[in-house]
Amino acid sequence: MTAPSPTLLAAHAYERLRTRILDGGLVSGQALSVPALASDLGMSRSPVREAVQRLIHDGLATHVAHKGAVVARVDAVELNHLYVVKEPLEGLAARLATERLTLDGERRLRTLLTEHEELLAGGGPESAHVRFDLELHRTVHLIADNPALLGVLDQFAGRTNLAFPTLWGEPEMARLALDEHRAIVEAMVAGDPEEADRAARRHVARIRIRWARRTGVGLPGTGASAVS
């Protein structure tokens, strides 16, 4: 059997580490020691080192002088600002995706909704809910087929994803997100780009409000700089 390529190994390491960060397994400020992670993942250091560099590039980790890479801390004020800007962009993505939706695209979206519903009914780990959330949004972005928009949304992905361990801390959060995702998809399938735009905007706005309620950031008369 042919051994996996270095690129494939690095991508695999990245996905595993990214999942740990998003489900809270690796917490803000925690050191990302390449030797320790390589041993834990059962890999050589080279692909793990590349994965850590990608985490830094995506905003999920940062380099600290004399310490090395650590999991990024959530700058709650910055995150609130990012979600404000992300809201119309997600609406635009849903609008464009509605105009380009094919039967295959509809099938993929409905499959994601069904599988997420089954996960919710059976009770699954937070990391699985995060994966479905990311995959549904990514699928909408790809269907929209606008490289400029995709590039901008990708720039937001790393930092905004740091909110997920807080957002998915309670079971009802998954139900709210799934219902909001379904509203987006149903508008797209109905061929209503305006409603798809509104549904996507509502979804992001409600995420931001739920985040604000849990952290105290973005609400009138409050202010905080970071969440550990």
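Because the structure is a prediction, the values reported are computed rather than measured.
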Going by the rule side-chain hydrogen bond (donor to acceptor under 3.5 Å, both in side chains), which residues pair with [X] if we only count those two or more places apart in sequence or in a different chain?
| X | value |
| --- | --- |
| Arg202 | Glu195 |
| Glu117 | Arg175, Arg182 |
| Asp154 | Arg138 |
| Asp197 | Arg95, Arg201 |

query = Does one hydrophobic cluster hold both Val70 and Val48, with members joined at side-chain heavy-atom distances below 4.5 Å?
reply = no

query = Linking I/L/V/M/F/W/Y whenever any side-chain heavy atoms sit under 4.5 Å apart, do Leu142 and Met188 land together?
reply = no

inquiry  = Walk me through whether Leu112 and Thr139 qualify under side-chain contact (heavy atoms from CB on, under 4.5 Å).
reply    = CA-CA 10 Å; Leu112 287 171; Thr139 300; 3.7 Å; yes

Salt bridge present between Arg110 and Glu106 (N-O < 4.0 angstrom) = yes

task = Scan for side chain to side chain donor-acceptor pair (under 3.5 Å) pairs involving residues 50-70, sequence neighbours excluded, and state none if there are none.
result = Tyr14-Asp58

ask   = After noting the C-alpha distance and the side-chain angles of Arg108 and Leu103, does the key distance pass the side-chain contact (heavy atoms from CB on, under 4.5 Å) rule?
value = CA-CA 9 Å; Arg108 283 185 286 151; Leu103 290 177; over 6 Å; no

Mind checking the [atom1]-[atom2] spacing from [X] to [Y]? Nearest 0.5 Å is all I need.
| X | Y | atom1 | atom2 | value |
| --- | --- | --- | --- | --- |
| Arg16 | Leu26 | CZ | CG | 11.5 Å |
| Leu153 | Leu92 | CG | CG | 8.5 Å |
| Leu17 | His12 | CG | NE2 | 9.5 Å |

query = Who pairs with His137 by ring-ring contact (aromatic ring centres under 6.0 Å, His included), at least two apart in sequence or on another chain?
reply = His181, His203

task = Without swapping roles, check the side chain of Gln30 against the backbone of Val27 for a donor-acceptor pair under 3.5 Å.
result = yes

task = For the pair Ser39 (side chain) and Pro35 (backbone), establish whether a donor and an acceptor sit closer than 3.5 Å, ignoring hydrogens and angles.
result = no

task = Take Arg20 and Asp40, measure what side-chain contact (heavy atoms from CB on, under 4.5 Å) needs, and give me the verdict at the end.
result = CA-CA 12 Å; Arg20 291 188 188 182; Asp40 185 40; 2.5 Å; yes

key: Pair His81-Val84, side-chain contact (heavy atoms from CB on, under 4.5 Å): steps then yes or no   = CA-CA 5 Å; His81 292 163; Val84 169; 5.6 Å; no

